[in-house]
Number of protein chains: 2
Amino acid sequence: MYTYEYPRPSVTVDCVIFGLDQESLKVLLIQRKHDPFAGKWALPGGFVDMDEPIDQAAQRELEEETGISGMYMEQLYTFGDVHRDPRGRVISVAYYALVNLTAYQHQVVAASDASQARWFAVADLPLLAFDHEKVMEIAVKRLKNKVRYQPIGFELLPEKFALSQLQNLYEMILGRTLDKRNFRKKILKMNLLVELAEMQQGVSHRAAKLYKFDKENYQQLEAKGFSFEI
Amino acid sequence: MYTYEYPRPSVTVDCVIFGLDQESLKVLLIQRKHDPFAGKWALPGGFVDMDEPIDQAAQRELEEETGISGMYMEQLYTFGDVHRDPRGRVISVAYYALVNLTAYQHQVVAASDASQARWFAVADLPLLAFDHEKVMEIAVKRLKNKVRYQPIGFELLPEKFALSQLQNLYEMILGRTLDKRNFRKKILKMNLLVELAEMQQGVSHRAAKLYKFDKENYQQLEAKGFSFEI
DNA sequence: CCAAAAGTGTTACAAGTACACCCATGA
DNA sequence: TCATGGGTGTACTTGTAACACTTTTGG
């Protein structure tokens, strides 16, 4: 067994947890209990254990804050400036996750190192601790880009959804309106949605058809060279 | 001043250095002098110094192996599985760089921890040390994708180039042939190339017009919402 | 004069964009 | 019966794909 004699930085993971409700795209922040930045809002995160892969550390953080496991999560970027943490050299691997807010909103709980956890509109964030403003900026950019070329938007919706919900999602994330007819034409032509027998319930207007995303078919089509694009 | 009492992993950077010559897309590998994996080929890399940003560590590695500085370089992905290095917990932040092989090929020099450094065709790599096969796979995927949506291909060419060189580059990276007339139409319509007075020299056939990439104009167009696409 | 790559337009088809009205439902 | 969002088709414009011959140059 060999060992390294180099001094070592600390390594943390930070999670940008995106959710979507009727009004806007949201992100989950925690209020820090301890210094540095006590009282400030920050992205949930924490240390990577020595016997834990970094992906798993990120999943653990997500679960500690939301109680959700198995959600869509992807590595975002690694932040390694020397002075990004006043306590010393800390390299942070950032992840972003997409969660279905409708189903899980009530479960958000502050972990032990936070005095509270809350959803904030991405367009209206408080000042953030560390370099988390920069992390957010990159996360939003990545989400905007990714959502156009991969069908990850569905992760933000309930399993059964109406086309207008899906369109709304794209409009909120991309920050522009889309033509209803063209949107429907395009998305339905892809054969990625299964029309359900079930209809929207409890609305005071014509009920919409519900659809679900056909993941199996997407994977097959993708293997044959199909590429998703909005 | 605060300190962390957590055990700390080691952090390294690894560099995927891409180059292009007449035949194919290449990558620079070093042959390891020491264990683990002594004698095996690997991506150039090394430890991040405590007072050095990770981006800068990657640039330093690039420069140590190639003598080149200021080349296009971008963070790729961070690899953090527990057993990826037999010596202990080592988290590696991978970068990829694009260099102009025509101009710099002769300058490749093995750094002190390597017995030699050599360019290999990406399509025909030797077995690699650590998890570097996986790193390469992700790097090639990223390059293939990125080159279609951002004008980074030019980084692999000399400053002055013929359209056929550019087309060749895309064909080699994307792994398929492109129609000459359609390619020229598309790329010229973008207004990103400046036609130079100079012509190709020393070829035994009709000399091609030379062009250069108009970076300033690209940035202006991009700011106005233009998006590059091949 | 031959070999080798440079350079050049047109047509057919597919995809994208713009646009306005009737329908179903619950209050 | 009104308010609210659901649902639908067509014409126009733009982009993509397929395709073959002439030009220039050096050897």
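Because the structure is predicted, anything quoted here is derived from the model rather than measured. Note on naming: letters A, B, ... go to the chains in the order of the sequence lines (proteins, then strands), and numbering restarts at 1 for each one.
- Note: Phe154(B) and Phe228(B) have perpendicular aromatic rings, judged against thresholds of 30 and 60 degrees for the angle between ring planes.
- A side-chain donor from one of Gln167(A) and Glu171(A) sits under 3.5 Å from a side-chain acceptor of the other.
- Within 4.0 Å (heavy atoms only), Lys186(A) reaches sugar-phosphate atoms of the nucleic acid but no base atom.
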Return the polar atom pairs (N/O with N/O) between nucleotides 24-27 of chain C and the protein under 3.5 Å, or none.
residue	atom	partner	partner atom	Å
dA24(C)	N3	Arg206(A)	N	3.4

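- Without hydrogens or angle criteria, Asp214(B) side chain to Asn217(B) main chain gives a donor-acceptor distance under 3.5 Å.
- Taking 4.0 angstrom as the limit, Ser164(B) places a side-chain polar atom (N or O) nearer than this to OP1 or OP2 of dA6(C).
- One interatomic measurement links the two molecules: NZ of Lys185(A) to C1' of dA14(C), which rounds to 13 Å at whole-angstrom precision.
- Remark: P of dG9(C) and CG of Asp179(B) are 15 Å apart, rounded to the nearest angstrom.
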Kindly give the atom pairs (protein nitrogen or oxygen, nucleotide nitrogen or oxygen) under 3.5 Å for nucleotides 12-14 of chain D.
none

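- Looking at Lys180(A), its side chain comes within 3.5 Å of the base of dG7(D) through a donor and an acceptor atom.
- The number of heavy atoms from other shown groups lying within 6.0 Å of NZ (Lys141(A)) does not exceed 12.
- If you take CD of Gln200(A) and C1' of dG7(D), they are 13 Å apart, rounded to a whole angstrom.
- Scanning atom types as modelled, no donor and acceptor separated by under 3.5 angstrom connect the side chain of Arg181(B) and the base of dA17(D).
- For the pair Met190(B) CE and dG15(D) P, the interatomic distance rounds to 11 Å; values are reported in whole Å.
- No donor-acceptor contact under 3.5 Å links the side chain of Lys209(A) to the base of dT8(D).
- Distance CD (Glu229(A)) to C1' (dG15(D)): 13 Å, rounded to an integer number of Å.
- Judged by distance alone, the side chains of Asn145(B) and Tyr149(A) never bring a donor and an acceptor atom under 3.5 Å apart.
- Judged purely by atom type and a 3.5 angstrom limit, Glu155(B) has no side-chain atom pairing as donor or acceptor with the backbone of Leu98(B).
- Nearest-nucleotide positions on DNA chain C for Asn182(A) and Tyr211(B) put Tyr211(B) closer to the 5' end.
- Across the protein-nucleic acid pair, Arg148(B) atom CZ and dT16(D) atom C1' stand 13 Å apart, rounded to whole Å.
- The CZ-C1' distance, from Phe183(B) to dG9(C), rounds to 18 Å in whole Å.
- For the residue pair Glu74(B)/Tyr95(B), the side-chain donor-acceptor check at 3.5 Å is not satisfied.
- Centroid-to-centroid, the aromatic rings of Phe161(B) and Tyr211(B) stay 6.0 Å apart or farther.
- Atom-to-atom, CD of Gln167(A) to P of dG5(D) comes out at 13 Å; the value is rounded to the nearest Å.
- The aromatic rings of Phe18(B) and Tyr96(B) sit perpendicular to each other, their planes meeting at more than 60°, with 30° as the lower class boundary.
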